Amino acid sequence: MASCFIGRLRCSRRICGFSGTPIMTVRTRFAPSPTGFLHIGGARTALFSWAFARRHGGTFILRIEDTDVARSTPAAVQAILDGMRWLGLAHDEGPFYQMQRMDRYKVVIGQMLEAGTAYHCYTPTEELDALREAQRSRGEKPRYDGRWRPESGKVLPTPPVGVPPVVRFRNPQSGVVAWNDQVKGRVEFANAELDDLVIARADGTPTYNFCVVVDDWDMGITHVIRGDDHVNNTPRQVNILKALGATVPTYAHLSMILGDDGQKLSKRHGAVSVMQYDEDGFLPEAVLNYLARLGWSHGDEEVFTMAQFVEWFDLDHITSSAAQFNTEKLLWLNQHFLKQADDSGLAAETKRRLEAQGISTAGGPDLLKVVALYKDRAATLKELADAVHPLYAEVHASSELRAQHLTEAARAALATLCERLVDIAWEKTAIGPAIKETAIAAGLKMPQVAMPLRVILLGQAQTPSIDAIIEVMGRELVLDRLKRGLA
RNA sequence: GACCCUAUCGUCUAGAGGCCUAGGACAAUACCCUUUCACGGUAUGAACCCGGGUUCGAAUCCCGGUGGGGUCGCCA
């Protein structure tokens, strides 16, 4: 299985690679570590990687970076998969799991050891900690001092017996590593700033920076689109790639997304699963549209479909500074998509949400018509379900509301209206005038009748147009609630 | 502390030296519509971090400062 996988990837790289003018087939990847849910920042990274591949007719790969055995969980893998599916970001290859590629990493490490681009280091963790602390107290950047790094003419310490070594990458000590970042421009690091990072732990398992390199190489990744927090890993990865003789991919580092309050998002503060947005009644297309505009732009375009996004998406218009998440705008977008959404889909979703609360819509007002009547007034599916709730459940108007609107005059007028409603043509074009006429006859203004009607029928003062509400509720339910409300 | 990134309305952003009296969107405010609340419509207020250069001309280029962020693990 594993060898077949590697073989296939090699093959695809050959296709993109060699002939005089290489026609590069775009291959991007999203590579989350399964230590938690898919949050909004990860979702945007995934979206951009996906869109870039789609834009160029390329391949989008999903890779699960699960080498941190202690923190990775199958539940988190599932959460990521669920989030991606909800967003509709389908991958073309994968998901690949790094834990299943151990053999391959070990082969490469062996090759590097042999080639002298990596070496064994026996320094105990405690000594490393002490070293870092000393460096820090001297105001230096903490880093490995190269005590086990082989140099010509240098005498290495004698390896202690019974101590398994880690493997370190032999990073160049002079010169610079630079790349042309697609969002940040040229980024340059002095090799002197870098130290010899551990690429394999004492137990033999490879570490993140190494696995990424081997995977990006094997999988023929052409464009690495990832979070800003990886900028400092990039020079190390580039150096390893070069030591391996691999082609260095193009990098694009996305700046981070801040919370609504301008603070950085973390598990402890503000970061929520994309599935929470589903729960809260957001439409995936709204979330996607919002995320697309957070850090990327296409002139003044604010609302667009994913098809348009894919057509327009480019790396040139990605913002290089951090963006603050704005729930208000997401809400506005969601409302926009909600208004355009197909009524039957909304009805099904509303039914599901009501049933989750133990409320049945069977035998009640036609949900399709109800939803059509209410959808302009809700920003989320949750709000829609909540708004529609009184049509299907017992209604209890607060005594304040009743006291405010159910005056004696109003009660009398409603009693009259009740009689008229018994045999009136059941459509709002007849119901509306009937209410008006009743009000006039009673010497009342329209709101003096409409408001108490709202309170009795739905238990609240804010509802859609009262004639439309009455029509959609149906004669039986309206008369029943009126009689009981007036009793 | 060191290194790296970053800086236009409250927020997301347009802006590639003259099209900028800085545009759009969300939010805000006012008015219109109206049967309440929304929706919708119209209008208004609101920004180039600071200081130096370069240039005939800078929001745009360069340098410095300041603010914000990231990274310095046998985590990813």
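These numbers come from a predicted model, not from an experiment.
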Can you check whether [X] has a side-chain N or O nearer than 4.0 Å to OP1 or OP2 of [N]?
X         : N      : value
Lys375(A) : A38(B) : no
Ser297(A) : A14(B) : yes
Arg132(A) : G1(B)  : no
Thr67(A)  : A76(B) : yes

Return yes when atom CD of Glu408(A) has more than 12 non-hydrogen atoms of other residues, nucleotides or ligands closer than 6.0 Å, and no otherwise.
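No, CD of Glu408(A) has 12 or fewer neighbouring heavy atoms, counting only those of other groups under 6.0 Å.
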
Is the number of heavy atoms from other residues, nucleotides or ligands within 6.0 Å of CD (Glu133(A)) greater than 12?
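Not buried by this count: 12 neighbours or fewer within 6.0 Å.
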
Atom-to-atom span, CG of Leu194(A) to P of C3(B) - whole angstrom:
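After rounding, the reported distance stands at 13 Å.
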
Among the candidates [options], find the nucleotide nearest to the side-chain atoms of [X].
X         : options                : result
Gln324(A) : U35(B), U11(B), A76(B) : U11(B)
Glu302(A) : G24(B), A2(B), A76(B)  : G24(B)
Ile466(A) : U35(B), C74(B), A76(B) : U35(B)
Ser465(A) : U35(B), C74(B), C72(B) : U35(B)
Pro142(A) : C39(B), G73(B), A76(B) : G73(B)
Met451(A) : A2(B), U36(B), U35(B)  : U36(B)
Arg293(A) : C74(B), G24(B), C39(B) : G24(B)

Is the distance between the ring centroids of His223(A) and Phe52(A) under 6.0 Å?
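When the ring centroids of Phe52(A) and His223(A) are compared, they turn out to be within the sub-6.0 Å range.
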
How about Tyr290(A) and Phe325(A): are their ring centres within less than 6.0 Å of each other?
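Judged by ring-centre distance (under 6.0 Å), Tyr290(A) and Phe325(A) do meet the cut-off.
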
Between residues 248-262 of chain A and RNA chain B, which residues have a heavy-atom gap below 4.0 Å?
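The stretch gives Met256(A) as the residues lying under 4.0 Å from the strand, ordered by number.
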
Positions of residues 325-334 of chain A (non-hydrogen atom under 4.0 Å from RNA chain B), listed by number:
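Here the set is Asn326(A), Glu328(A), Lys329(A), Trp332(A).
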
Between [N] and [M], how far is it from one [atom1] atom to the other, in whole Å?
N      : M      : atom1 : answer
A2(B)  : U29(B) : C1'   : 49 Å
U54(B) : A43(B) : C1'   : 43 Å
G53(B) : G15(B) : P     : 29 Å
C19(B) : C62(B) : C1'   : 25 Å

Sugar-phosphate, base or nothing in reach of Val198(A), heavy atoms under 4.0 Å:
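Sugar-phosphate: the residue Val198(A), judged by heavy atoms under 4.0 Å, touches backbone atoms but no base.
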
What are the two closest heavy atoms between [X] and [Y], and how far apart are they?
X         : Y         : result
Val198(A) : Ala200(A) : CG1-O, 3.3 Å
Ala202(A) : Val166(A) : N-CG1, 3.6 Å
Met102(A) : Pro206(A) : SD-CD, 3.3 Å

Give me the distances for all protein-to-nucleotides 4-7 of chain B N/O pairs that come in under 3.5 Å?
residue: C5(B); atom: O2'; partner: Lys184(A); partner atom: NZ; Å: 2.7

Record whether the side chain of Asp229(A) comes under 3.5 Å of the base of G70(B) through a donor-acceptor pair of N or O atoms.
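Not at all, since no donor on one side and acceptor on the other fall under 3.5 Å apart.
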
With a 3.5 Å cut-off and heavy atoms only, can you find an N or O donor on one side and an acceptor on the other between the side chain of Asp66(A) and the base of A76(B)?
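No, the side chain and the base share no sub-3.5 Å donor-acceptor pair.
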
Would you call the rings of Phe304(A) and Phe309(A) parallel, tilted or perpendicular, taking 30° and 60° as the class edges?
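Ring orientation of Phe304(A) relative to Phe309(A): parallel.
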
Ring geometry between His253(A) and Tyr251(A) (parallel below 30°, tilted from 30 to 60°, perpendicular above 60°):
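Plane angle under 30°, so parallel.
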
Electrostatic pair Glu437(A)-Arg420(A), nearest N-O below 4.0 angstrom:
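Between Arg420(A) and Glu437(A) there is a salt bridge, with a charged N closer than 4.0 Å to a carboxylate O.
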
Could you check if a side-chain atom of Arg104(A) sits within less than 4.5 angstrom of a side-chain atom of Asp215(A), using non-hydrogen atoms only?
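No - every pair of side-chain heavy atoms lies 4.5 Å or more apart.
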
